[in-house]
Amino acid sequence: MSVIMSLMMLFSTIKPTEAHSGFIQKGKASFYASKFNGRKTSSGERVDSKVYAAAHRTLPFNTMVEITNLANNRSVIVRINDRGPFSKGRIVDMTHAAAKALGFIQRGVTNVKLRVVGTNGVVALGPVSAEPTAQLLSTTEPVNRF
């Protein structure tokens with residue numbers, strides 16, 4: 001009983017950090033076992049092995065991160081929708097689809113670089129302008145290409 005209480009107190013003290021674009025972290029990554037497919041994540045969503053999603057201990061839900069496999073330089077963008085991993089030394093746990101795209105299904109664990117690229121489920125493709133309307137094209141006005 002005291003072990004359970006200790007774990008509950010530990011995890012209640014872990015607070016999500018702000019997801020600053022460009023935040024970088026290096027460490028080991030793994031992926032969800034097939035037995036977790038369909039189970040609820042910490043955000044309340046169901047684990048779907050076919051989508052690009054991941055678990056991180058402190059990044060807010062809906063943070064978009066680029067994960068690069070340092071062994072082969074493959075990258076994928078995933079959305080944080082769960083807490084974990086709870087294995088020592090790992091920084092991120094991802095779905096089977098994301099791990100397959102990164103090419104480490106056979107190894108099970110790989111060294112990665114994680115970089116925040118967006119928040120609220122949106123990826124920032126470049127620096128945000130001080131005047132956002134300058135970057136948007138109206139869908140009702142024709143575009144003059146000459």
Side-chain angles (χ1 to χ4, degrees), residues 2-140 143:
S2 64
V3 173
I4 293 172
M5 293 300 289
S6 298
L7 288 172
M8 287 175 57
M9 289 177 60
L10 170 69
F11 292 123
S12 68
T13 61
I14 298 174
K15 303 288 185 223
T17 58
E18 265 189 64
H20 296 288
S21 190
F23 168 82
I24 294 174
Q25 186 177 22
K26 289 184 180 180
K28 294 196 180 296
S30 55
F31 59 94
Y32 295 117
S34 58
K35 72 179 183 180
F36 292 106
N37 202 32
R39 292 189 186 175
K40 280 191 176 182
T41 65
S42 297
S43 68
E45 298 176 28
R46 300 261 180 207
V47 173
D48 183 349
S49 63
K50 296 176 288 240
V51 302
Y52 287 22
H56 190 274
R57 286 187 187 104
T58 58
L59 289 174
F61 294 140
N62 291 321
T63 298
M64 303 299 287
V65 296
E66 176 188 47
I67 301 173
T68 303
N69 183 343
L70 297 176
N72 60 16
N73 284 327
R74 289 186 188 177
S75 294
V76 67
I77 295 176
V78 300
R79 184 173 59 88
I80 302 298
N81 72 344
D82 199 5
R83 290 288 168 241
F86 298 111
S87 297
K88 187 176 180 179
R90 296 187 192 168
I91 62 167
V92 68
D93 204 6
M94 65 191 76
T95 59
H96 190 271
K100 185 175 181 180
L102 290 176
F104 75 96
I105 295 293
Q106 296 299 318
R107 292 182 64 192
V109 177
T110 193
N111 290 315
V112 296
K113 178 176 79 171
L114 179 147
R115 182 174 63 96
V116 172
V117 294
T119 58
N120 297 321
V122 178
V123 175
L125 298 177
V128 178
S129 168
E131 210 170 300
T133 55
Q135 292 182 341
L136 301 176
L137 292 175
S138 170
T139 56
T140 58
V143 177

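Contact record, Pro85 with Ala55: CD-O, 3.9 Å, taken as the closest heavy-atom pair. Nearest heavy-atom pair across Val92 and Ala54 is CG2-CB, 3.8 Å. The shortest non-hydrogen separation linking Val47 to Asn37 is O-OD1, 3.0 Å. Across all their heavy atoms, Ala99 and Ile105 have their closest contact at CB-CD1, 3.7 Å. Considering every non-hydrogen atom in both Ala98 and Val78, the closest pair reads CB-CG1, 3.8 Å.
A distance of 9.5 Å separates CD1 of Ile80 from CZ of Phe61, quoted to the nearest 0.5 Å. From Ile91, atom CD1 reaches atom CG of Asn111 across 9.0 Å, with rounding to the nearest 0.5 Å. Distance check, rounded to the nearest 0.5 Å: CG of Leu102 to OG1 of Thr68 gives 7.5 Å. Distance check, rounded to the nearest 0.5 Å: CZ of Phe104 to NZ of Lys28 gives 11.0 Å. To the nearest 0.5 angstrom, Thr41 atom OG1 is 6.5 Å from Tyr32 atom OH. One finds the OG1 atom of Thr110 at 11.0 Å from the CD1 atom of Ile67 (value rounded to the nearest 0.5 Å).
Counting only distance, with no hydrogens or angles, the side chain of Asn120 and the backbone of Val122 share no donor-acceptor pair below 3.5 Å.
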Before you tell me yes or no, could you show the steps for Leu59 and Leu114 under side-chain contact (heavy atoms from CB on, under 4.5 Å), namely the whole-Å CA-CA distance, both residues' side-chain angles and the distance that decides it to 0.1 Å? CA-CA 11 Å; Leu59 289 174; Leu114 179 147; 4.0 Å; yes
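A side-chain hydrogen bond (donor to acceptor under 3.5 Å, both in side chains) check over residues 85-100, counting only residues at least two apart or in different chains, returns the pairs Ser30-Arg90, Ser30-Asp93. Residue pairs meeting the salt bridge (Lys or Arg N to Asp or Glu O under 4.0 Å) criterion with at least one partner in residues 32-45, sequence neighbours excluded, are Glu45-Arg79.
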